[in-house]
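Quick notes on the structure that follows.
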Amino acid sequence: EDQVTQSPEALRLQEGESSSLNCSYTVSGLRGLFWYRQDPGKGPEFLFTLYSAGEEKEKERLKATLTKKESFLHITAPKPEDSATYLCAGKVSGYSTLTFGKGTMLLVSP
Amino acid sequence: DGGITQSPKYLFRKEGQNVTLSCEQNLNHDAMYWYRQDPGQGLRLIYYSQIVNDFQKGDIAEGYSVSREKKESFPLTVTSAQKNPTAFYLCASSGGETQYFGPGTRLLVL
């Protein structure tokens, strides 16, 4: 069964304290690994898509990387406005649907 | 402004009642999706449609129904057969690999 597992479930950081969120997947034929940001009571906002091992993408303080078994979302010098739940999802070759992890809730304190 | 709209933002259902959640997109996307999100859970796929007049069941379709009569619209009906409907419902659409989400509808049971 295809699975996407995110860790930790929750992470509390001080402003400026860099860290990483993990997304491991056990899907065969991965055709894309997606990262989203979700604020409370709102729909997920698309951040990145990664397609192949070794690929990296950056946006402001966020950088997403992909290996053959997992993806990391690195947050450099976070600010309180980075507080949100971060979701990752995998797309399997031959299917149009996504399999989502349960998310990591990030809280950045000033 | 291109985007996905969902209405209403909050919906209350009485025992034995069917309710319909609206999802409209003006992105000219072929595919549309409905997800359910419960606290501490990942997004779970209810139904999806890749083309007008065609749709497929997702992982948790029981107690739900959909229609896709127009490209722009993909309404979801929560029937009385769904015994635990309280959740946050998210609609998404895609024109390629990436899914984009609407703002969500929170369904509560009276």
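Keep in mind that the numbers below use all heavy atoms, side chains included, and drop hydrogens, waters and symmetry copies. Throughout, protein chains are lettered first and strands after them, A, B, ... in sequence-line order, and every chain is numbered starting at 1.
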Region of [X] that comes under 4.5 Å of a non-hydrogen atom in chain A:
{"X": "Gln37(B)", "answer": "side chain"}
{"X": "Leu45(B)", "answer": "side chain"}
{"X": "Gln6(B)", "answer": "neither"}

- Query: Should Tyr48(B) and Tyr89(B) be counted in the same cluster of Ile, Leu, Val, Met, Phe, Trp and Tyr side chains packed under 4.5 Å apart?
  - Reply: no
- Item | Cluster link Met105(A) to Val4(A), ILVMFWY, side chain under 4.5 Å | no
- Kindly give the heavy-atom pair with the smallest separation between Tyr64(B) and Thr79(B), and that separation in Å. N-OG1, 4.4 Å
- Scan Glu72(B), Glu24(B), His29(B) and name whichever one has a side chain to side chain donor-acceptor pair (under 3.5 Å) with Ser93(B). His29(B)
